[in-house]
Every structure is written in C-alpha cells, then in structure tokens.
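Notes to accompany the following structure.
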Amino acid sequence: MTKEVRIGTVRVGGDNPLVVIAGPCVIEGEGFTLEVAGRLKEIVSETLGLPLVFKASFDKANRTSLGSFRGPGLKEGMRILGRVKEEIGIPVLSDVHETFQIREVLGVLDCIQIPAFLCRQTDLLVEAAKTGLPVNIKKGQFLSPWDMRYAIEKVLAQGNDRVLVTERGTFFGYRDLVNDMRGLFVMRSFGYPVIFDATHSVQSPGGREGRSGGNREFIPALVRAAAAVGIDGLYLEVHPDPPRALSDPDTSWPLQRVQELVEMALEVDLVRRRFER
C-alpha cells in the first residue's frame with residue numbers, strides 16, 4: 001500500500017478511493033476554465049462521489065512550435081486558478097518550469113507539478129519540495145520507472161514526503177509513446193502514490209508537423225489496463241470540444257464522456273482491490 005498524501009482536502013494513496021486529476025491542457029480563458037472546473041465537479045465529485053483535483057497549465061513552455069498557444073502566463077493563470085479554488089471549491093494543480101515561478105504559485109496551488117521533460121532537474125525539484133506542498137513528478141518519456149526513485153529522493157531530502165509520481169508513456173522510436181504497465185508496479189513499490197496520465201500516454205510528440213498528435217481511441221483500453229495493475233489516481237486532460245482545444249486537441253478526452261471513462265476505471269479498480277486484499 002502506498003503512503004497517503006493530501007492535496008488540499010483530497011487524500012491520495014493509502015486505502016483511499018481512486019482520485020481523479022482532470023482539467024484542460026492549458027488555461028484557455030477565465031470563463032472557459034471556470035465552466036470546465038464546475039462541470040468536472042458535477043461529474044466526478046457529485047455524481048460519482050470521487051475526490052477531484054483540477055489541473056491546468058498557465059504556460060505551456062515546451063510546445064513544439066514557437067507560434068503555438070502557451071497560455072495566459074503566470075500572474076493571470078494564478079488569478080484564474082485562484083478563482084477555481086475559491087468559487088468551485090476544489091484543489092488546484094499546475095506545472096512549473098523554472099525555479100522563480102515557485103514562489104509565485106504559493107497561496108494558490110495545492111500541488112506543484114514537475115513536467116516530464118524536467119523530472120531530473122534537481123534545482124526545480126528541490127525548490128518545489130522546500131515549499132512543503134505536495135509535488136507531483138511526471139516520469140520523463142525517456143526515463144525508466146526504476147530511475148524515478150532518484151527524483152523522489154531529491155524531494156524527500158528536503159524534508160518533504162508529500163510526493164506523487166505520474167506515468168505518461170515512454171518513447172518508442174520517433175514521435176510515438178507506449179506504456180509499459182510494469183512501470184506502474186515498479187513505481188508503486190517505492191511507497192508513494194502513482195497516477196496514470198491516460199491522455200498524454202497516447203500522444204505522438206511533434207507528430208503533426210509543428211504540434212503533437214495522438215491516438216485518443218486507445219485511452220479507454222489503457223485506462224482499464226492501468227486500473228487493473230494498480231494506480232492511486234487517474235489523470236485526464238479534458239475539453240468540451242477537443243478538436244478546437246488550443247493544446248493537445250488529438251488527445252484531450254471529451255468532457256461529456258468523462259463520466260463513462262471514470263466509471264469504467266472505478267469498476268476495474270474495485271475488482272483489483274478485492275483481489276489484492
């Protein structure tokens with residue numbers, strides 16, 4: 001069993017229910033973000049009774065093309081996420097790319113996320129850990145699951161044991177990702193909550209000539225597999241109209257289909273827990 005980590009009022013890991021971390025890839029505007037957060041709360045928290053953490057990026061600093069939409073920026077992004085936290089009443093998570101950003105997110109974010117490409121960046125991990133906030137480290141697409149232990153140790157060395165790790169696929173040649181489900185088992189053996197990012201796992205990095213593509217149709221199968229192996233949370237990028245999403249349109253899951261996907265994950269998760277006992 002993994003250690004329990006609290007993100008705001010949400011308990012992740014241990015013997016707690018499956019947690020859903022969901023939201024759009026990037027903040028596309030204030031009204032849009034509040035609307036998506038409110039709808040997710042209705043679906044996940046109120047209808048399904050599962051704990052929810054809202055995620056959205058204020059700056060997509062690693063877009064394929066210089067001309068791609070990056071988001072509203074740090075100051076405006078924190079203002080919008082602050083409104084989600086206060087008005088919708090759910091914890092919020094976002095990613096940081098540089099150490100100076102960390103002090104600016106304090107007081108708003110309930111969890112700091114380390115992007116996959118930066119999961120070995122010692123200074124970023126150390127500064128995030130020093131806040132005392134939970135730190136969600138996304139496993140690099142280039143990294144073995146065994147090597148995530150060292151990223152976790154960088155956080156623990158700062159006296160912060162509120163750490164989660166997220167699987168989001170592994171490079172398989174050029175412009176393709178695959179999931180080695182053994183990695184979920186390996187990373188859970190470290191004792192900290194493991195999250196499965198179903199939407200980024202089907203990404204084709206740079207596969208659309210200047211932006212990333214992907215294969216949304218594989219998401220349900222991967223969710224079932226991950227839930228069967230064992231995860232503490234499900235991470236989804238969602239959008240009310242995926243083809244019009246300003247980031248990751250090919251892999252964002254339709255907001256109107258979130259309930260059926262999470263219900264499926266929950267059913268498999270309950271069976272897995274019964275056998276593990």
Those residues that, when tested against [X], pass side-chain contact (heavy atoms from CB on, under 4.5 Å) (two or more places apart):
X	value
Arg83	Glu30, Leu34, Arg79, Glu87
Ala129	Val155, Gln158, Asn160
Thr47	Gln259
Val258	Leu40, Ile43, Val44, Val238, Trp253, Leu255, Val262

Quick one: pull up [atom1] in [X] and [atom2] in [Y] and give me the separation to the nearest 0.5 Å.
X	Y	atom1	atom2	result
Lys3	Asp232	NZ	CG	12.5 Å
Ser57	Arg70	OG	CZ	11.0 Å
Lys55	Glu237	NZ	CD	3.5 Å

Original post:
Does Met1 share a hydrophobic cluster with Phe185, counting links as ILVMFWY side-chain heavy atoms below 4.5 Å and allowing steps through other members?
Top reply: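 No, it is not one cluster - the side chains of Met1 and Phe185 are not joined through contacts under 4.5 Å.
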Subject >> ILVMFWY network linking Val96 to Leu106, side-chain heavy atoms under 4.5 angstrom >> reply: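 Per the 4.5 Å side-chain linkage, Val96 and Leu106 are co-clustered.
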Could [X] and [Y] be called an ion pair, given the rule that one side-chain N must be under 4.0 Å from one carboxylate O?
X	Y	value
Asp197	Lys138	yes
Asp147	Arg120	no
Glu127	Arg103	no

Do side-chain atoms of [X] reach the backbone of [Y] as a donor and acceptor pair under 3.5 angstrom?
X	Y	answer
Asp176	Gly173	no
Glu104	Phe100	no
Glu167	Lys139	no
Glu267	Met264	no
Lys41	Ile90	no
Ser247	Cys25	no

Subject >> For Arg39, salt bridge (charged side-chain N to carboxylate O under 4.0 Å, His left out) partners two or more places apart >> reply: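 Applying salt bridge (charged side-chain N to carboxylate O under 4.0 Å, His left out) to Arg39 gives Glu42.
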**OP:** Could you pull out all residues at least two apart from Arg274 that satisfy salt bridge (charged side-chain N to carboxylate O under 4.0 Å, His left out)?
**Re:**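 Residues passing salt bridge (charged side-chain N to carboxylate O under 4.0 Å, His left out) with Arg274: none at all.
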Qualifying residues under side chain to side chain donor-acceptor pair (under 3.5 Å), relative to [X], sequence neighbours excluded:
X	value
Thr33	none
Asp180	Arg182
Lys85	Asp110

Subject >> Those residues that, when tested against His239, pass ring pair (Phe, Tyr, Trp, His ring centres under 6.0 Å) (two or more places apart) >> reply: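 Counting only residues at least two positions away or on another chain, His239 forms a ring pair (Phe, Tyr, Trp, His ring centres under 6.0 Å) with Phe32.
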Original post:
Members other than Val10 in its cluster, when Ile, Leu, Val, Met, Phe, Trp, Tyr link by side-chain heavy atoms under 4.5 Å?
Top reply: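 Members alongside Val10: Val5, Ile7, Val12, Val19, Ile21, Val53, Leu93, Leu164, Ile195, Tyr235.
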Subject >> Residues that, via side-chain heavy atoms closer than 4.5 angstrom, fall in one hydrophobic cluster with Phe172 >> reply: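 Under the 4.5 Å side-chain rule, Phe172 groups with Val178.
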Determine the minimum heavy-atom distance between [X] and [Y], stating which atoms define it.
X	Y	result
Leu177	Ser201	CB-O, 3.8 Å
Ala198	Leu236	CB-CD2, 3.9 Å
Val163	Pro193	O-CD, 3.5 Å

